[in-house]
Asks: 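Take a look at the following structure, please.
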Amino acid sequence: MAGLYLASQSPRRTELLTQVGIDHTVVSSSYEEPNEGYDSPIEMVKAQALGKARCAVGIPEGGIVLGADTIVVLDNEVLGKPQDEADARRMLERLSGRSHSVVTGVALLIKGDEVVFHNETKVYFKELAPFEIESYIASGEPMDKAGAYGIQGKGALWVEKIEGSYTNVVGLPVEHVYDELCKALGAK
Ligand SMILES: Cc1cn([C@H]2C[C@H](O)[C@@H](COP(=O)(O)OP(=O)(O)OP(=O)(O)O)O2)c(=O)[nH]c1=O
């Protein structure tokens, strides 16, 4: 199989691919994310994933490129990474005691084709007490994560249940990516 190049600086995405044994090389992308001008959150994450993949740097001839983008959607509003601690507090207060969606857009550039898809997981949050939000923010965990939490970290304490892919919430739906890779390569 031609080599796979992951155009993402997210430590979670490379860990997930490694966990399931998908060999890959991490590369940078020169893409700058505009976050306005899209018809829907799903259109937005797919466009961002494609932009990241198309602007990947240093891909050899025949290399397969993977780009991804993850957001939290609440009442049709997009929550990306928090700007600062006050923003993280606002996000966590809004997520408390209700459900939201986590949507990851994925783009695969493979054999001259652009395969773009998304995956959506519904996440149900418990009620968060103010002291819990404050200690969570003080831990620093929310700051580089969409929706200001990490289900793979301390954020696991706030999750009552999920419907859909767990790895999608962490940043890359590896089972879905694997299926699309197999399909595109004619492997199954
Ligand atoms: C909801 C949630 C998000 N996240 C993370 C996954 C993504 O890394 C991040 C969303 O930011 P992204 O912009 O999707 O990705 P990134 O900036 O980390 O990496 P790159 O643009 O280089 O690909 O939020 C978690 O780690 N756990 C969670 O539970």
Side-chain angles (χ1 to χ4, degrees), residues 1-73 78-83 101-121 140-153 155 164-188:
M1 168 175 142
L4 177 66
Y5 294 82
L6 174 64
S8 173
Q9 301 313 302
S10 160
R12 277 77 55 168
R13 297 199 173 107
T14 183
E15 278 165 23
L16 285 167
L17 288 173
T18 303
Q19 179 192 324
V20 297
I22 299 179
D23 284 342
H24 62 283
T25 304
V26 174
V27 294
S28 58
S29 172
S30 58
Y31 184 68
E32 293 197 9
E33 305 182 23
N35 44 19
E36 278 168 24
Y38 298 103
D39 290 341
S40 71
I42 290 173
E43 286 315 307
M44 183 180 118
V45 277
K46 284 164 59 174
Q48 308 279 38
L50 185 56
K52 291 181 193 184
R54 281 181 179 164
C55 297
V57 176
I59 309 301
E61 185 72 32
I64 300 167
V65 186
L66 170 56
D69 195 67
T70 301
I71 53 169
V72 163
V73 183
V78 172
L79 307 185
K81 294 182 200 169
Q83 306 283 330
S101 288
V102 178
V103 184
T104 298
V106 182
L108 285 169
L109 309 189
I110 183 163
K111 296 197 216 162
D113 285 337
E114 294 184 331
V115 180
V116 186
F117 55 95
H118 78 282
N119 195 290
E120 186 161 350
T121 305
E141 188 175 288
M143 300 317 296
D144 65 340
K145 298 180 183 72
Y149 75 94
I151 197 171
Q152 71 278 27
S165 164
Y166 172 79
T167 58
N168 182 54
V169 183
V170 184
L172 192 66
V174 277
E175 62 284 63
H176 198 166
V177 171
Y178 172 74
D179 285 348
E180 295 289 345
L181 273 172
C182 286
K183 214 187 320 172
L185 292 167
K188 74 171 192 182

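Remember, predicted model here, so these are calculated numbers, not experimental data.
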Asks: Inspect the contact between Arg12 and Glu15 and indicate whether a charged nitrogen and a carboxylate oxygen are less than 4.0 angstrom apart.
Replies: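 Salt bridge flag = no for Arg12 with Glu15.
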Asks: Taking all non-hydrogen atoms of both residues into account, name the closest pair between Tyr5 and Ile59 and its distance.
Replies: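 Closest approach of Tyr5 to Ile59, heavy atoms only: CB-CD1, 3.5 Å.
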Asks: Is it the case that Thr121 and Asn168 place a side-chain donor and acceptor less than 3.5 Å from each other?
Replies: yes
Asks: Considering all heavy atoms of both residues, which atom of Ser29 and which atom of Gly51 are nearest to each other, and what is their separation?
Replies: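 Shortest heavy-atom contact: OG-O, 4.3 Å.
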Asks: Would you name the heavy atoms of Pro142 and Ala148 that are closest together and state the gap between them?
Replies: CB-O, 3.0 Å
Asks: Stepwise, does the side-chain contact (heavy atoms from CB on, under 4.5 Å) test hold for Asp23 with Leu4?
Replies: CA-CA 7 Å; Asp23 284 342; Leu4 177 66; over 6 Å; no
Asks: Is any side-chain heavy atom of Leu108 closer than 4.5 Å to a side-chain heavy atom of Phe117?
Replies: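 Side-chain contact under 4.5 Å: yes.
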Asks: Quick one: CE on Met44 to CG on Asp39, what's the gap to the nearest 0.5 Å?
Replies: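 One finds 12.5 Å between CE of Met44 and CG of Asp39.
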Asks: Does CG in Asp113 sit with more than 12 non-hydrogen atoms of other residues, nucleotides or ligands closer than 6.0 Å?
Replies: yes
Asks: Roughly how far, to the nearest 0.5 Å, is CD of Gln152 from CD of Glu141?
Replies: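 If I round to the nearest 0.5 Å, the distance is 6.5 Å.
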Asks: Quick one: closest heavy-atom pair of Val27 and Val57, and the distance?
Replies: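 Looks like CB-O, 3.6 Å.
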Asks: Restricting to non-hydrogen atoms, name the atom on Ala146 and the atom on Val72 that form the minimum distance, rounded to 0.1 Å.
Replies: O-CG2, 3.7 Å
Asks: To the nearest 0.5 Å, what is the distance between NE2 (His24) and CG (Leu17)?
Replies: 4.5 Å
Asks: On a heavy-atom basis, which atom in Pro173 and which in Glu175 lie closest, and how many Å separate them?
Replies: C-OE1, 3.0 Å
Asks: So, taking the atom named NE2 in His176 and the one named CG in Leu181, what distance separates them when rounded to the nearest 0.5 Å?
Replies: 10.5 Å
Asks: Given side-chain contact (heavy atoms from CB on, under 4.5 Å), test Ile42 with Val103 step by step and report yes or no.
Replies: CA-CA 7 Å; Ile42 290 173; Val103 184; 4.2 Å; yes
